[in-house]
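Taking it in order: structure first as structure tokens, then the write-up.
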Amino acid sequence: MSDRFDAEVQAHAEDSIQREVFGTRLGFILAAVGSAVGLGNMWRFSYTASEGGGAAFVFLYVILTLIIGIPIMLAEFAAGRKSRRSPIGALREAGGPKWIPVAFFYVGAGFLILSYYSVIAGWVVRYAFEAITIGFPADAGAHFEAISTGPQAMSYHLLFMIFTVIIVMGGVEKGIERASSLMMPALFFILVGLAAWAFTLDGAGAGYAAYLQPQWGDLLDGGTFASAAAQAFFSLSLGMGAMLTFASYLSKDENLNREAVVISFADFLVAFIAGLVVFPIVFALGLQGAVSESTVGALFIALPGAFAEMSGGRIIGSLFFLALMVGALTSAISLLEVVVASIIDEFDIPRKKAALGAGTLIALFGLLSASSLDTLGLIDAVAGELFLVIGGLGLAILVGYRMKGAREELEKGASPLFRKLIPVVFVFLRYIVPPIVIFVIYDRLMNVWSVIQTTYLGG
Ligand code: PHE
């Protein structure tokens, strides 16, 4: 008995020596917020809200964050911190070898999402760079058409992948934590400043109305519900092991419950504020037509068009795209980290090699998305939506029903209030999350099918 105990203690000690850890609690939070805050916040949230009920959508989104987002995030935290392993090892430990295929789904999602995310981020880098050096183009629509696919898109995509790989090569504390700690506060201040400025524009009111005017009837629509849920998954980086992997680098018994609330709230706040920037600007210049053309329309056509016309638009626009770039970079880091951490843990390959190898493969695969917007859209529908909800369902079932010690893991460091709420989290993981997520999986599956039909089968 005592031998076994000694061996366990020693194994744990060795583990702690080898495994990288976050330097501080704030560093962990900023890295997780960095993962969550990204293109999804500034590009998809306000657009989806304006299409699906305005303030009613925002309300639904907050509810869904509370009832499915936070429980799944806690499930990821528990599995990651307890095992101190990346997804493959964590799921193997929590559920046995049968669960390993689910983890491959996670690594696959990280790979696929990063492959197209980086193409969009490449457009952002280009807009930021051009805004600073030459200003915004007079015809934003034509410009976007020229740069969004082909060699132009490829080169910026590759450049963005290089940034991402360099940071991940630096490791958890010196790469990811340091980058997030510098960049996230900057992003937040820029965004708040821009929202305050947007408030002063003539026509801002019409923008707020288009973004937030509540249409409660929209909530009865199953499609709105499913897109709000899918948006929550994507925005909170759930269902593919990003939060799990970050939690595996926590050395101390921090209150995971409190961190999940802080991270989710910060993510929502940034998404909400980004809408307060985007909509007034677009409406002040009467460019609303460009918003409804497509999801990327608002960001890459309407906004740049507005920046080109308004006084001070170049400075404002440069700041906006810089903030967007920062958000995209800290999210991309976490996507790559899931793949890299799995390679390090499973094959014992050193971090630098793993990051370089995985980054190269993802960059190459991304060339597909950089050559066709249809391909990009399809991979987004499959990996960015469907995979995440499937992954989330798997995790809710694993941690809710099967994993031993999950409750104790969440109890560590929990204040009395959070301790009382932990049983509620398990009730949600068991009974509330699965039926809701199964509905969303069905809806997103139909969506993938309709994307295939319209883009490839000419339907
Ligand atoms: N949450 C990120 C965003 O909103 C995207 C992301 C999804 C990152 C999944 C990691 C994992 O842009």
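Throughout, residue positions are numbered sequentially from 1 according to the sequence presented.
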Quiz item: If you look only at pairs with a residue in residues 60-88, which of them pass as a ring pair (Phe, Tyr, Trp, His ring centres under 6.0 Å), with sequence neighbours excluded?
Solution: Phe28-Phe77, Phe45-Tyr61

Quiz item: Shortest non-hydrogen contact from Phe439 to Ala226?
Solution: CE2-CB, 4.3 Å

Quiz item: Side chain of Ser264, backbone of Val261: donor and acceptor closer than 3.5 Å?
Solution: no

Self-check item: Minimum-distance pair of heavy atoms, taken over all atoms of Ala229 and Leu64
Solution: N-CD1, 3.6 Å

Practice problem: Would you kindly check if the NZ (Lys) or CZ (Arg) of Arg314 is within the cone defined by 45 degrees around the ring axis of Phe307 and under 6.0 Å from the six-membered ring centre? | Solution: no

Self-check item: Distance, nearest 0.5 Å, that separates CD1 of Ile166 from CD1 of Ile333
Solution: 11.5 Å

Quiz item: Mind checking whether Phe104 and Ile100 have side chains closer than 4.5 Å, heavy atoms only?
Solution: yes

Self-check item: Partner of Phe59 by ring-ring contact (aromatic ring centres under 6.0 Å, His included), out of Trp216, Phe272, Phe268
Solution: Trp216

Practice problem: Mind checking side-chain contact (heavy atoms from CB on, under 4.5 Å) for Pro280 and listing every partner two or more places apart, or none if nothing turns up? | Solution: Ala198, Ala204, Tyr208

Quiz item: Heavy-atom distance under 4.5 Å between the side chains of Arg85 and Leu244, does that happen here?
Solution: no

Quiz item: What's the spacing between Thr48 OG1 and Phe234 CZ if we round to 0.5 Å?
Solution: 10.5 Å

Quiz item: Is Lys174 paired with Glu20 through a side-chain N to carboxylate O contact shorter than 4.0 Å?
Solution: no

Exercise. Check for a donor-acceptor pair, side chain of Ser237 on one end and backbone N or O of Ser35 on the other, with a separation under 3.5 Å.
Key: yes

Self-check item: Side-chain heavy atoms of Val172 within contact of Arg351, under 4.5 Å
Solution: yes

Quiz item: Atom CD1 of Ile316 and atom CG of Leu303: how far apart are they, to the nearest 0.5 Å?
Solution: 11.5 Å

Exercise. Measure the acute angle between the ring planes of Phe144 and Trp123, then classify it against the limits of 30° and 60° as parallel, tilted or perpendicular.
Key: perpendicular

Exercise. Locate the shortest heavy-atom distance separating Leu191 from Val277; write the atom from each residue and the value.
Key: O-CG2, 3.8 Å

Quiz item: Would you say Ser148 and Phe300 make side-chain contact, with heavy atoms under 4.5 Å?
Solution: no

Quiz item: Within the side chain of Ser331, is there an N or O that forms a donor-acceptor pair under 3.5 Å with the backbone of Gly34?
Solution: yes

Quiz item: For the side chain of Glu177 and the backbone of Thr24, is there at least one donor-acceptor N/O pair under 3.5 Å apart?
Solution: yes

Quiz item: Where is the tightest heavy-atom contact between Val440 and Ala230, given as atom of each residue plus distance?
Solution: CG1-N, 4.4 Å

Quiz item: Taking side chain as C-beta onward, heavy atoms only, is Leu219 less than 4.5 Å from Phe225?
Solution: no

Quiz item: For Ala274, does its backbone N or O pair with a side-chain atom of Asn41 as donor and acceptor, under 3.5 Å?
Solution: no

Quiz prompt | Nearest heavy atoms of Gly69 and Leu238, plus distance in Å | solution = O-CD1, 3.4 Å

Exercise. Determine, for Arg444 against Glu385, whether the closest basic-nitrogen to carboxylate-oxygen distance falls under 4.0 angstrom.
Key: yes

Quiz item: Hey, is CD1 on Ile315 packed in by over 12 heavy atoms from elsewhere, all under 6.0 Å?
Solution: no

Exercise. Using atom types as modelled and distance alone, determine if a side-chain donor or acceptor of Ser371 lies under 3.5 Å from a backbone N or O of Leu368.
Key: yes

Practice problem: Could you tell me whether the side chain of Val33 reaches within less than 4.5 Å of the side chain of Asp267, counting heavy atoms only? | Solution: no

Quiz item: Is the shortest distance from a Lys or Arg side-chain nitrogen in Glu409 or Arg81 to a carboxylate oxygen in the other one below 4.0 Å?
Solution: yes

Quiz item: Which distance, rounded to the nearest 0.5 Å, do you find between the CG of Leu187 and the CG of Leu182?
Solution: 13.0 Å

Quiz prompt | Parallel, tilted or perpendicular, as decided by the 30° and 60° cut-offs, for the rings of Tyr249 and Phe246 | solution = tilted

Exercise. Begin with the C-alpha distance, continue with both residues' side-chain angles, and end with the deciding distance and a verdict on side-chain contact (heavy atoms from CB on, under 4.5 Å) for Trp99 and Leu398.
Key: CA-CA 8 Å; Trp99 283 83; Leu398 175 61; 3.6 Å; yes

Practice problem: Decide, yes or no, whether a salt bridge links Arg84 with Asp345 under the criterion of side-chain N to carboxylate O below 4.0 Å. | Solution: no

Quiz prompt | Heavy-atom closest contact (Val119 atom, Ser369 atom, distance) | solution = CG2-CB, 3.9 Å

Quiz item: Looking only at side chains, do Asp218 and Thr224 share a donor and an acceptor under 3.5 Å apart?
Solution: no

Quiz item: Can you tell me how far the CG atom of Leu367 sits from the OG atom of Ser115, to the nearest 0.5 Å?
Solution: 9.5 Å

Quiz prompt | Polar side-chain atom of His157 near backbone of Ala363 as donor-acceptor pair, under 3.5 Å | solution = yes

Practice problem: Check the surroundings of atom CD in Glu145: do more than 12 heavy atoms from other residues, nucleotides or ligands lie under 6.0 Å from it? | Solution: no

Exercise. Answer with yes or no whether the side chains of Glu76 and Tyr106 bring together a donor and an acceptor at under 3.5 Å.
Key: no

